[in-house]
Amino acid sequence: MQWSLFSSCVRLSGTKQKMAVFGRALLQMVAVVGVISLLTFYFMIFHNCPGELTQEVPATQKLSLSRLQPPSQLPPPGPCTCPKGAVLLKDQFPKDQYEELVKRRAKEFQQHKTRTTSALSRLLFASPNSPLQYPIQGFKVRPLTSTLIPGLALHAGQRSSYKVSLNVSKGVLTTEVPAEGVKVQGDGETRLIIESSSPVILNYLLTKVSYTSTVYHIHTGDLAHFQFEDHEAVFPITIKQPRLPVLYDMGTDISSHVTIATKTFLRYPQLNVLLSSIRRFYSNIEVVIADDTPKPEHVTGEHIRQYFMPPAQGWFAGRNLVVSQVTTKYFLWVDDDFLFTEQTKIEKLVEVMEAVPELDVLGGTVQGNQFYFSLIYDEGEEMDGGCLHRKSNGKFHSLPGYPQCSLASGVVNFFLARTDAVQRVGFDPKLQRVAHSEFFMDGLGSLMVATCNHVSIGHQPKTGHNKDEASYSKFRHPAKTDTEFKLRLHFFKNHLKCVLYG
């Protein structure tokens, strides 16, 4: 019985081995047949249709492919869309004056573009797999000054001769006098050609190429075209007169860091209360006052400078006067009816500004009111103008390292500011009463602004005992004509089509 079972197992095992060998042979035969079939099919295609697979791309397809190439410059912006509820500024003008006004504005805008744009505004693209090496950013030259162009080189395969060219428009190019066997054309001209049989010598001469602008300009640019065979690269050259730095020796005391600035008009009782509250916490800090009261009164006290103006010149004219007299690195702007409290810690604002030197304006809160806004601006089409939305309580994100502060476009009338930055923007003296946001509009793109909630100032209660209160109210509350004037000013000065105050 056991022997019979063992014999059966042996016969079964032999059968499996035979079947496995047969299966492998069958698979090999199928594979061979498949390869022969593919080769036959491949031969039939090439033998019967040789032209169809080797012909060039049709001209129409070439044209469509060329459209995929990147443009040399961005298309001009189209008209912007005014937000719902925005004021159309052209409606603020009589129709018989509008056409002539638009012509004058267009002329001014073209002059503005001439001042603010250059060859550096052109959109550039890097070609793929280029053998050319060149600077793509950061190459600056002083006007009329010879400067070596860094990083120029050629990385190409073996050739009998190597020839490169450089071409500029606002300057000339020079290199060293070449060794024997090297050909240089255009030395000292706008187009420089270098040819050599040695890539090592060619690259050495490229390290000696200098650019010299031929026209004096304090901030413009040129585009250099660098070519080798069918390869071309374009890189920018910034032509800029360096600016002298403006530095402030701050000293160690807060009075050497900050000047307090304010403007007053017909409100001496409130001004005196403000000054008393300042002296309670800061005994020797400088206070600068611009005063356009019709019958001015002298404010006395140490570390106080009062500047008198012609009557009713307005808030922005006063701000300009005050800031022009600040000699410290920062100034703290306050209204004349504010009140210093235990929470009015100027040092805390200075700490943030010193830690984040990119900041220009840092706002606090007034009686806990942290008013701030963002400005959303679309440049729009050249003739129509731009669209602007002042969005109340709009901010961008928290200030890195200071979660109690956020970046914004504008802040409340209690802020610490970098003196030289604000002096560059200035306050438009045409705006006498309807003004605050307008300073930040003029500073958009120039001033880095943030708002914080950990420093606050108080506001004096209205008592009604001011003898000049009635006269002040007449100036404080603007007439409709003042608002109309402001909107007309935005139309021309800021090249705007519409404004939305939200």
Side-chain angles (χ1 to χ4, degrees), residues 87 89 91-94 97 101 105 108 260-271 274 288-297 299 305-326 331 333-338 361 363 366 371 373 375 388 390 409-415 417 422-444 446-447 459-460 462 466-496 499 501:
V87 179
L89 300 182
D91 295 342
Q92 305 299 314
F93 301 93
Q97 299 177 11
L101 186 72
R105 186 180 76 160
E108 287 293 315
I260 296 177
T262 191
K263 154 82 173 54
T264 194
F265 177 73
L266 293 172
R267 293 207 295 191
Y268 290 113
Q270 289 88 338
L271 177 63
L274 168 67
V288 182
I289 306 166
D291 188 347
D292 61 347
T293 303
K295 296 180 179 180
E297 299 177 11
V299 177
R305 285 182 284 150
Q306 184 182 16
Y307 293 91
F308 296 106
M309 306 167 62
Q313 289 299 294
W315 195 29
F316 269 18
R319 276 191 171 186
N320 271 336
L321 173 58
V322 169
V323 175
S324 73
Q325 300 305 307
V326 172
F331 70 88
W333 179 265
V334 295
D335 284 352
D336 60 358
D337 61 347
F338 282 175
V361 178
V366 179
F371 174 74
F373 57 88
L375 294 172
L388 184 69
R390 192 203 71 176
S409 299
V411 294
V412 74
N413 284 349
F414 169 55
F415 58 81
V422 171
Q423 286 173 342
R424 285 194 295 270
V425 174
F427 302 89
D428 192 339
K430 292 179 181 177
L431 296 168
Q432 296 183 321
R433 289 175 285 184
V434 188
H436 177 63
S437 303
E438 288 68 27
F439 162 67
F440 294 101
M441 291 178 184
D442 288 344
L444 184 64
S446 298
L447 299 177
H459 195 286
Q460 299 175 36
K462 295 183 178 180
N466 186 357
K467 61 184 177 64
D468 295 315
E469 192 69 37
S471 299
Y472 176 79
S473 296
K474 293 179 182 179
F475 287 92
R476 177 65 181 85
H477 302 290
K480 182 181 178 182
T481 53
D482 289 337
T483 302
E484 291 173 348
F485 173 80
K486 181 182 73 170
L487 294 173
R488 292 178 181 181
L489 186 67
H490 285 321
F491 175 83
F492 196 104
K493 171 189 167 184
N494 302 123
H495 198 251
L496 291 178
V499 178
Y501 292 94

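We use all heavy atoms of the structure for the numbers below, so side chains are in, but hydrogens, waters and symmetry mates are not.
Between the Arg424 side chain and the Ser446 main chain, no donor and acceptor come within less than 3.5 Å of each other. Within the 3.5 Å criterion, the main-chain N or O of Val299 finds a donor-acceptor partner in the side chain of Gln306.
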(message) Before you tell me yes or no, could you show the steps for Val366 and Phe371 under side-chain contact (heavy atoms from CB on, under 4.5 Å), namely the whole-Å CA-CA distance, both residues' side-chain angles and the distance that decides it to 0.1 Å?
(response) CA-CA 8 Å; Val366 179; Phe371 174 74; over 6 Å; no
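Residues Arg390 and Val499 fail the side-chain proximity criterion, which asks for heavy atoms closer than 4.5 Å. Residues Asn494 and Asp442 are in side-chain contact: their nearest non-hydrogen atoms beyond the backbone lie under 4.5 Å apart. Looking only at side-chain heavy atoms (C-beta outward), Asp428 and Leu489 come within less than 4.5 Å of each other. Within the 4.5 Å cutoff, side-chain heavy atoms of Val288 are placed close to those of Tyr307. Residues Phe331 and Val322 form no side-chain contact, since every pair of their non-hydrogen atoms from C-beta on lies 4.5 Å or further apart. Met441 is listed as a side-chain neighbour of His490, based on a closest heavy-atom distance under 4.5 Å.
A donor-acceptor pair shorter than 3.5 Å cannot be found between the side chains of Asp292 and Gln313.
Remark: Asn320 engages Phe427, Pro429 in a side chain to side chain contact (heavy atoms under 4.5 Å, CB included) (not counting sequence neighbours). Phe338 is linked by a ring-ring contact (aromatic ring centres under 6.0 Å, His included) to His459, counting only residues two or more places apart in sequence or in another chain.
With respect to the salt-bridge test (charged N to carboxylate O, under 4.0 angstrom), the residues Asp337 and Lys462 do not qualify.
Between Phe439 and Phe415, the ring planes are parallel. Angles under 30° get that label, and only those over 60° would be called perpendicular.
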